[in-house]
Amino acid sequence: MIKIKSAKEIDLIRKSGHLAATILKAAAEFTHEGVTTNQINELVHNITVQNGAIPAPLNYRGYPKSVCTSVNNVVTHGIPSDYTLKNGDIINIDVTCILEGYHGDTSLTLMIGEVSSQAEELVDITRQSLNAAIDIVRPGAYFGEIGEVIQDIADNYAYGVVREYCGHGIGRYFHEDPLVLHYRSGKKGEKMREGMVFTIEPMINMGSHQTRVLSDGWTVITADGSLSAQFEHTLLITGTGVEILTDFD
Ligand code: MF3
Ligand code: CO
Ligand code: CO
């Protein structure tokens, strides 16, 4: 069942979403060639705690760090390490914080230095697919439309849309109903209603949509070794449309 959030809860998720966006912006400004993903983790951890919040990933189902950093062929849930970013890498940074008991969740993919034109296109199209999906969100639309919009765009480039990991309801819990599919499933899904809060977070691969998980139990990589990009926002369905709760402008 998809919960309709109260005005008070929405206010708290809005605050948490704003903080998540602020942390992600700081992490993005800090990230460049020569920085390790552990240094990004440290920065995210410190800013989160300084703002009276908790980094949601830390100890979530045993996850060992405070942020996810997914480089190149890593689709999602990459674990920060001593890896040093190099020219031509792409990296997704996924920040989730808990402020006053409510979650905000947002991610983006950055390009380090000069990346190949193919990598740049993948990143641009992935961002566009998220924006196009956000554009259809309004009361009365169906959750199934999200995957249709994203898959239509990816198909134009013969990119693979990841299926195993989805957007999700969010609030008191990190992952709530509904499961938001990013691919065309043939199912209409539930009707959107004012007061629902959820993420859209398409993961798009330059090659096949298939993935596998490394033996650390977290790191998801593309099955064919191709590059993967991802963007994520936390969204509220308003009376007439959508409010992006993790915008940073
Ligand atoms: N932030 C991810 C999401 O968008 C979930 C990460 S779970 C973790 O749903 F444990 F890996 F942090
Ligand atoms: Co999410
Ligand atoms: Co996330």
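Each ligand, and each atom within it, is numbered from 1 in the order the structure gives.
Considering the Co ion (ligand 2) as centre, the angle to OE2 of Glu201 and to NE2 of His168 is 90° (10° rounding). Put simply, the angle at the Co ion (ligand 3) from OD1 in Asp105 to OE1 in Glu232 is close to 90°, to the nearest 10°.
Using a 4.0 Å cut-off between charged side-chain N and carboxylate O, Lys8 and Asp11 make no salt bridge.
Taking 4.0 Å as the cut-off, Thr96 counts as a neighbour of ligand 1 on heavy-atom distance. The shortest heavy-atom distance from Tyr165 to ligand 1 is not under 4.0 Å.
Atoms of ligand 1 lying under 4.0 Å from at least one heavy atom of Glu232, given by number and element, are 4 (O). Within ligand 1, counting atoms from 1 as listed, the ones closer than 4.0 Å to a heavy atom of Trp218 are 8 (C), 10 (F), 11 (F). Applying the 4.0 Å criterion to heavy atoms of Pro57 picks out, from ligand 1, the atoms 12 (F).
Counted by atom type alone, His233 and Glu201 present zero donor-acceptor pairs between their side chains at under 3.5 Å. At a cut-off of 3.5 Å, with distance as the only test, no side-chain donor of Ser70 or Asn92 sits close to an acceptor on the other residue. Side-chain contact of Thr211 with Glu164: a donor-acceptor pair under 3.5 Å is present, judged by distance alone. Side chains of Ser226 and Asp224: a donor on one and an acceptor on the other come within 3.5 Å. With no hydrogens or angles considered, no side-chain donor-acceptor pair links Tyr157 and Glu121 at under 3.5 Å.
Counting only heavy atoms of the protein, atom 1 (N) of ligand 1 lies nearest to Asp94 OD2, 3.0 Å. Nearest non-hydrogen protein atom to atom 7 (S) of ligand 1 is Tyr60 CD2, 3.9 Å. Protein heavy atom closest to atom 9 (O) of ligand 1, with residue, atom name and distance, is His175 NE2, 2.8 Å. Among all protein heavy atoms, the one lying closest to atom 5 (C) of ligand 1 is Phe174 CZ, 3.6 Å. For atom 4 (O) of ligand 1, the closest heavy atom belonging to the protein is Glu201 OE1, 2.7 Å.
At a heavy-atom cutoff of 4.0 Å, ligand 1 is contacted by the side chain of Cys68 but not by its backbone.
Without hydrogens or angle criteria, Asn46 side chain to Glu42 main chain gives a donor-acceptor distance under 3.5 Å.
Taking the six-membered ring wherever Trp is involved, the centroid distance between the rings of Phe248 and His18 does not fall below 6.0 Å.
Considering backbone and side-chain N/O atoms, Tyr63 never comes within less than 3.5 Å of an N/O atom of ligand 1.
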Checking salt bridge (charged side-chain N to carboxylate O under 4.0 Å, His left out) for the pair Lys188/Glu145: CA distance, chi angles, key distance, verdict?
CA-CA 7 Å; Lys188 220 173 165 188; Glu145 294 173 45; over 6 Å; no
